[in-house]
Structures are given as structure tokens and as C-alpha cells.
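Just so we're on the same page: letters track the sequence lines, and every chain starts at 1.
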Protein chains: 2
Amino acid sequence: MGVFISLDFESSQPIYLQLIHQIIEGIAKKELQPGDPLPSVRSLAQDIGINLHTVNKAYQQLKQDGFLQIHRQKGVVIRPEGIPKADNIYKEQVQQKLRPLIAESICKDLSKEEFLTLCQTIYHDFQIGGRNDD
Amino acid sequence: MGVFISLDFESSQPIYLQLIHQIIEGIAKKELQPGDPLPSVRSLAQDIGINLHTVNKAYQQLKQDGFLQIHRQKGVVIRPEGIPKADNIYKEQVQQKLRPLIAESICKDLSKEEFLTLCQTIYHDFQIGGRNDD
DNA sequence: ATAACTGTTATATATAATGTATAACAGTTA
DNA sequence: TAACTGTTATACATTATATATAACAGTTAT
């Protein structure tokens with residue numbers, strides 16, 4: 001089971017945040033599915049050359065956000081019951097994060113249509129095409 | 001000209017970042033237009049009860065990003081030539097910021113259509129009061 | 001039972017980011 | 001001259017980030 005984590009140690013973005021995003025992307029791409037095991041804090045830390053506490057910080061936050069389930073003596077797995085669905089509170093949090101990005105884009109004359117196209121491109125990268133099963 | 005800055009000192013988000021976002025939102029809403037003056041670092045700092053260096057840090061970054069023009073002995077104004085238009089590099093930066101947000105939304109079963117609707121709502125918020133009919 | 005493995009906790013250290021506090025400088029304006 | 005600009009420098013405190021060890025409590029395989 002290969003580890004598909006790529007970190008940028010030159011980035012101003014904290015390592016534990018990059019780690020969180022990489023794991024979430026793995027889940028979004030269905031490379032990681034509910035029940036799938038993740039490396040132990042020690043093995044993953046050694047594999048990517050960082051401290052086990054940095055890995056643990058990422059795991060703890062992912063657990064807090066409902067992405068992971070952690071058994072003290074067993075191990076770490078993707079939440080078997082699935083990731084908690086988006087509620088209204090989450091949607092507001094998303095909007096709060098989108099706000100500065102959209103404001104800046106408006107200032108720079110990036111049209112709404114272009115912005116939405118940028119979003120669509122990312123969805124395409126994740127190979128999600130607004131699937132309809134009716 | 002009063003600048004409506006509202007900061008959340010309890011937030012984990014740095015003050016200078018909140019300040020940057022507020023000013024950019026003001027420009028996006030056309031409340032601040034090219035050539036418009038901004039308060040001096042000292043007066044704005046005193047108005048909102050923070051240090052002048054915190055204001056200066058925000059101003060410097062906004063200058064770096066092309067939003068402000070700063071004359072050493074004159075003052076600070078919204079860039080008279082207008083804000084630099086979005087280029088491909090900027091679009092890639094936007095996508096890089098959108099990526100974790102979209103990945104998380106996919107994990108939480110927020111559909112692409114719902115996500116784009118959230119974006120649309122924000123665009124609608126910025127459109128209010130931005131109507132200039134002549 | 002021993003050894004190797006889990007997550008967890010504690011302590012300590014180092015560096016950077018953030019924010020404040022003073023002070024001074026150089027130039028402009030009233 | 002006095003009051004105002006942005007700018008720079010220094011110092012300090014707090015928090016965030018990251019690492020380094022060490023130990024603990026339970027599991028699992030040998």
C-alpha cells in the first residue's frame with residue numbers, strides 16, 4: 001500500500017494542513033474509502049520524513065471533522081459509516097471561506113462565469129461529473 | 001469618508017488578514033473606487049484599536065498585490081489605474097485555494113450544483129449596492 | 001511471556017508568525 | 001514651527017508550528 005502523500009516543505013502552508021488536504025483529496029477521489037486503513041502515526045511520519053506529532057495533529061483534526069475513526073490500540077481508518085454530510089452550518093463555513101476569494105476575483109475583473117468555470121475544472125479533476133441516476 | 005471595518009478579535013484569523021479582506025470586499029462592492037483615499041496607518045490603527053504596524057502590514061501586502069498605491073509623503077489610495085486584471089497565474093492560484101474546499105465538499109456529498117449555488121449567492125451579495133446607473 | 005506494534009500523553013526545545021510598544025527619520029503641508 | 005505622511009528600527013510577548021525523547025496502556029503475533 002503506497003503512500004500518495006506529496007508535501008512541499010518550502011510552502012508557507014503548515015505541513016499538518018497539507019497532510020490534511022492530501023488525505024481529504026484521497027477520499028474525494030475515492031482512492032480512500034470508508035473502512036480503509038491509514039498508516040500509523042509513526043510509520044507515516046517516518047515515510048514522509050516528519051515528526052509523529054505532526055501526523056497525529058493532522059489525524060486528530062480529521063477525526064474531529066468526521067473523516068477518520070481512531071481506535072487507541074487498533075489503528076486509524078476512514079470513517080466506516082461514511083463522512084458526515086454537509087449541513088447548513090457547513091455550507092455557511094464554505095461560503096465564509098469563498099467570500100475573500102470571490103471578492104478578490106471581482107476586483108480583478110474575473111467574471112462570475114469564469115470563476116464558476118474554474119470550479120468546474122476542479123470538479124472535473126476529481127472526476128465528478130454531477131452524476132444523475134434517474 | 002468612513003471606512004467600515006469590522007474585526008473579530010476572537011477569530012483565529014490574523015487581524016492583518018481580516019483587514020486585507022475587508023478592504024478588498026470594499027473594492028469589490030465598489031464602495032472603494034480607484035483613486036479613493038484610505039486612512040493613514042496611524043488614524044486607521046487608532047480608529048479600530050490596533051497597532052499601526054498591523055495596519056501597515058495589511059497595506060503593504062495590498063500594495064504588493066496591486067490593490068493600493070502608496071506615496072511616502074502623500075498617503076494611501078486605491079490604485080488609480082485600477083486593479084490588475086486576472087491572468088493565468090492568478091487563475092491557477094485561485095484554483096489552488098479552491099481545491100481543498102471542493103475536495104472537502106465532495107467528501108461531504110455536497111453536489112457540484114449546490115457548491116456552485118453557494119458561489120452564486122456570494123456573487124449576489126456583492127452585486128447589491130454595486131449597481132451604478134447613469 | 002516476550003517483542004513489536006498501536007494511539008496517547010507529557011516534557012522540552014527551537015523557530016516563525018503575529019501583534020504591540022516606542023522611537024526616530026525624511027519629506028509634505030498648513 | 002507644528003502636524004501630518006509612510007518608513008524603518010528595536011524590543012518584547014504570545015501563539016503556532018515542528019521536532020525530539022520518553023513513557024504509558026493496551027493489542028497482536030511469535
Side-chain angles (χ1 to χ4, degrees), chain A residues 1 3 5-23 32 35-80 97 100, chain B residues 1-3 5-23 32 35-80 100:
Chain A
M1 183 173 57
V3 182
I5 303 294
S6 67
L7 300 179
D8 178 11
F9 292 95
E10 309 298 321
S11 170
S12 63
Q13 196 173 39
I15 297 175
Y16 80 96
L17 263 186
Q18 294 184 45
L19 195 47
I20 287 173
H21 291 156
Q22 294 270 318
I23 293 173
L32 292 174
D36 283 355
L38 260 65
S40 72
V41 289
R42 286 177 178 82
S43 64
L44 181 54
Q46 193 160 20
D47 278 2
I48 57 186
I50 63 176
N51 192 272
L52 95 170
H53 292 108
T54 305
V55 176
N56 189 250
K57 183 172 183 176
Y59 277 5
Q60 287 300 325
Q61 185 165 326
L62 285 167
K63 171 192 173 188
Q64 182 68 27
D65 294 340
F67 290 92
L68 300 183
Q69 189 174 95
I70 303 179
H71 282 104
R72 188 181 178 105
Q73 280 83 17
K74 290 182 179 178
V76 182
V77 297
I78 307 296
R79 198 169 186 258
K97 291 176 185 173
Chain B
M1 183 65 183
V3 181
I5 303 291
S6 68
L7 300 180
D8 178 11
F9 292 95
E10 309 299 321
S11 170
S12 63
Q13 195 173 39
I15 298 175
Y16 80 96
L17 263 187
Q18 294 184 45
L19 194 48
I20 287 174
H21 292 156
Q22 294 269 318
I23 293 173
L32 292 173
D36 283 356
L38 259 66
S40 72
V41 290
R42 286 179 178 81
S43 63
L44 181 54
Q46 193 160 20
D47 278 1
I48 57 185
I50 62 176
N51 192 273
L52 93 170
H53 292 108
T54 306
V55 176
N56 189 250
K57 184 171 183 176
Y59 278 4
Q60 287 300 326
Q61 186 165 326
L62 285 167
K63 170 191 173 189
Q64 183 66 26
D65 293 341
F67 291 91
L68 301 183
Q69 189 174 95
I70 304 178
H71 281 105
R72 188 181 179 106
Q73 278 83 20
K74 290 182 178 177
V76 182
V77 297
I78 308 295
R79 198 167 185 260

Chemist: NE2 of H71(A) versus P of dA25(D): gap in Å, rounded?
Modeler: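 Computing the H71(A):NE2 to dA25(D):P distance gives 20 Å.
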
Chemist: If you count the non-hydrogen atoms of other residues, nucleotides and ligands that lie under 6.0 Å from CD in Q13(B), is the total more than 12?
Modeler: yes

Chemist: Over all strands shown, is Y59(B) touching base, sugar-phosphate only, or nothing at heavy-atom distances under 4.0 angstrom?
Modeler: nothing

Chemist: dT18(C), OP1 or OP2 - any side-chain N/O from T54(B) closer than 4.0 Å?
Modeler: no

Chemist: Please figure out whether V76(A) or Y16(B) has its closest DNA chain C nucleotide nearer the 5' end.
Modeler: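 It is V76(A) whose nearest nucleotide is closer to the 5' end.
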
Chemist: Does R42(A) contact dT8(C) through a side-chain donor or acceptor facing the base, at a distance under 3.5 Å?
Modeler: yes

Chemist: So which nucleotide from dA20(D), dA21(C), dT18(C) ends up closest to the side chain of N51(A)?
Modeler: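 Of the options given, the side chain of N51(A) lies nearest dA20(D).
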
Chemist: State, yes or no, whether a side-chain contact exists between L38(A) and L32(A) at a heavy-atom distance under 4.5 Å.
Modeler: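 Sidechains of L32(A) and L38(A): in contact.
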
Chemist: Can you tell me if the side-chain N/O atoms of K57(B) get under 4.0 Å from OP1 or OP2 in dG19(C)?
Modeler: no

Chemist: Report the distance from atom OH of Y16(A) to atom NE2 of H21(A), rounding to the nearest 0.5 Å.
Modeler: 9.0 Å

Chemist: Which heavy atom of Q18(A) sits nearest a heavy atom of D8(A), and at what distance?
Modeler: OE1-N, 2.8 Å

Chemist: Could you check which of dT7(D), dT17(D), dT18(C) has an atom nearest any side-chain atom of K63(B)?
Modeler: dT7(D)

Chemist: What integer distance in Å separates I70(B):CD1 from dG27(C):C1'?
Modeler: 16 Å

Chemist: Taking 4.0 Å as the cut-off, does a side-chain nitrogen or oxygen of N56(A) come that near to OP1 or OP2 on dT8(C)?
Modeler: yes

Chemist: Taking donor-acceptor contacts at under 3.5 Å, does the side chain of H53(A) reach the base of dT8(C)?
Modeler: no

Chemist: dA23(C) C1' sits how many Å from L52(B) CG, rounded?
Modeler: 11 Å

Chemist: If you look at every heavy atom in L44(B) and P39(B), which pair is closest and at what distance?
Modeler: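 The pair with the smallest heavy-atom distance is CB-CB, 3.8 Å.
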
Chemist: Between atom CG in L44(B) and atom P in dT20(C), what is the gap in whole Å?
Modeler: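 Distance check: L44(B) CG to dT20(C) P gives 12 Å.
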
Chemist: Quick one: I20(B) CD1 to dA17(C) P, roughly how many Å, whole number?
Modeler: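 Nearest whole value for this atom pair: 15 Å.
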
Chemist: Distance check needed: dG19(C) C1' versus Q46(B) CD, whole Å only.
Modeler: 17 Å

Chemist: Considering Watson-Crick and G-U wobble pairs with both distances under 3.5 Å, what does dT28(C) pair with?
Modeler: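 For dT28(C), the partner nucleotide comes out as dA3(D), under the 3.5 Å rule.
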
Chemist: Grab the CD-P distance between Q69(B) and dT5(D) for me, whole Å please.
Modeler: 18 Å

Chemist: Nearest-nucleotide wise, let me know which of Q60(B) and R72(A) is further upstream toward the 5' end of DNA chain D.
Modeler: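 By nearest-heavy-atom nucleotide position, the 5'-most residue is Q60(B).
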
Chemist: Looking at S40(A), I'd like to know whether one of its side-chain N or O atoms comes within less than 4.0 Å of OP1 or OP2 on dT6(C).
Modeler: yes

Chemist: Once you round it to whole Å, what is the distance between C1' of dA14(C) and CD1 of I50(A)?
Modeler: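 Rounding to the nearest Å, CD1 of I50(A) and C1' of dA14(C) are 17 Å apart.
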
